[in-house]
Protein chains: 2
Amino acid sequence: MSEDSHLSLRERTRRAVQAELVDVAQRLFVEQGYEATTVDSITEAAGLSKRSFFRYFASKEDLVMGKYDLMGEQLQAGLTARPADEPVWTALRRMFDDVIAYTADTSNSARMDEMERIVSASPALNAAYLQRLDQMQSDLATIVRDREEQAGRPRAATDPSPEAIVGAAFACMAAARRTAIRFDDQSLPDLVDRAMSDLWTFDR
Amino acid sequence: MSEDSHLSLRERTRRAVQAELVDVAQRLFVEQGYEATTVDSITEAAGLSKRSFFRYFASKEDLVMGKYDLMGEQLQAGLTARPADEPVWTALRRMFDDVIAYTADTSNSARMDEMERIVSASPALNAAYLQRLDQMQSDLATIVRDREEQAGRPRAATDPSPEAIVGAAFACMAAARRTAIRFDDQSLPDLVDRAMSDLWTFDR
DNA sequence: CGCGCAAGTGGCACTTGGTGTCAACTTTGG
DNA sequence: CCAAAGTTGACACCAAGTGCCACTTGCGCG
């Protein structure tokens, strides 16, 4: 996958340890749940001190949330890559393609599903997840603002619309994701399409 | 305001203590910030033991979030009260009227603003707040589903649209709120109107 | 090659949020 | 007035983090 042979030994071992910590922790979380798994038990299973654990992850939560930070960057890149003259709603829909494809990839999907179940089972993790989503939306809203200006429709700083449309897109995505989890015969891309197009059919 | 003379002495003193704890804590939070204020310092200032504090609030977070739970119930009541034949988007907009009016009330607004600043200054509180919002949306989505069925437009259980439209409305509200905080010459109701009507003017 | 520095590590004490327990006390209902 | 039920403080305890310090290890440099 990603080439890291050019990194120093220090950096490589650091990443390896980090990855293994995630691995070990995830296994324990699945076995006994997130809250019930202490940092001590993780460090014991991984063979390093608690003190060092907190040098790899700012918090126990952070160990789980790391992946979602990457997703945020991926979304930003995805939206920025869309052509400037594309309608905003379409661009937002296409922005989700990469992350949907990633979760559909059979090599990641099992692990991802596991993590997702862990997150939704723990209120603390869920809250942290929502916080990341909120941050992503805020970042994406400024990109939308730029796009609108580029397209000759400048938005005043006091215009809440860019944040609103991004939030609406995320609401569709979230609704689709929840439905995909509850009914596993439904395909996520179809549900996203459905949510994002049906939104405009509601009476006003 | 609310009559509580019919409650037992126990219940009345309980509420009084609870209210004073919120009061004392809020003062300390403003002075030194949320994280920097320990539960010990709150209990010391209020004159009761730490153990008792946790009999009044499940957590330090809970002390702050209590108000928002009430807001959730208010929103549910507000939406349920809207006529069944009213367009969904309009009903969602009107649902917000009560809570907007409450925050605009000069007797509450100062304290509310203070709390809001405390919440947005603390990542932990912010995450907890987002979690409540998420829960509210989930509850409201089922109400929307019922409304749609009542109006002769039954939605399949696999249709993500009700959650999506509620999420979109909340996104508008959130965008408006953020804008109202950043530019205090803008009125919240106007911003909500703007966000909720401009949403449909985006290209697709 | 080897030297010195920066980075990484473990151990330990400490703080803070939160829980379990229990004995003493207060409210309430009969 | 009395017994049951609820409330309280004190104390011990647990888990997540942090600060500190001595020690080791990878890395650049002469």
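The figures that follow rest on heavy atoms only: side chains count, while hydrogens, waters and symmetry mates do not. The sequence lines fix the lettering, A, B, ..., with proteins before strands; numbering per chain opens at 1.
Residue Val24(A) is tested with Val22(A), Leu28(A), Leu21(A) for a side chain to side chain contact (heavy atoms under 4.5 Å, CB included); the sole match is Leu28(A).
Taking 3.5 Å as the limit, the base of dG17(D) and the side chain of Lys60(A) contain no donor-acceptor pair of atoms between them.
Within a 6.0 Å radius of CD in Glu149(A), other residues, nucleotides and ligands contribute 12 heavy atoms or fewer. Surrounding CD of Glu20(B) are at most 12 heavy atoms belonging to other residues, nucleotides or ligands under 6.0 Å away.
Remark on DNA chain C: of its neighbouring residues Arg10(A) and Glu35(B), the 5'-side contact belongs to Arg10(A), judged by nearest-heavy-atom nucleotide. Between Val39(A) and Arg51(A), the one whose closest nucleotide on DNA chain D sits nearer the 5' end is Val39(A).
Nucleic acid contact class of Tyr56(B) (heavy atoms, under 4.0 Å, all strands): sugar-phosphate only. Residue contacts for Thr13(B): at a heavy-atom cut-off of 4.0 Å it reaches no nucleic acid atom on any strand shown. Among the protein residues, Arg14(B) comes within range of no part of the nucleic acid, since none of its heavy atoms lies under 4.0 Å from any strand.
Rounded to whole Å, atom C1' of dC11(D) lies 13 Å from atom CG of Asp40(B). What separates CG of Asp62(B) from P of dG17(C) is a distance of 15 Å, to the nearest Å. Lys50(B) has its NZ atom 13 Å from the P atom of dA12(D), to the nearest Å. One interatomic measurement links the two molecules: OH of Tyr34(A) to P of dA15(D), which rounds to 14 Å at whole-angstrom precision. Going from atom CZ of Phe53(A) over to atom P of dG11(C) covers 17 Å, rounded to whole Å. The CZ atom of Arg15(B) sits 12 Å away from the P atom of dT7(D) (whole-angstrom rounding).
Among dT8(D), dG18(C), dC11(D), the nucleotide with an atom closest to any side-chain atom of Arg55(B) is dT8(D). Which of dT8(D), dA16(D), dA10(D) sits closest to the side chain of Ser52(B) comes down to dT8(D). For Phe54(B), counting side-chain heavy atoms from C-beta on, the closest listed nucleotide (dG9(D), dG10(C), dG18(C)) is dG18(C).
Checked against the 6.0 Å centroid threshold, Phe170(A) and Phe96(A) count as a close aromatic pair.
Geometric assessment of Lys60(B) against the ring of Phe53(B) yields a negative cation-pi assignment under the 6.0 Å and 45° thresholds.
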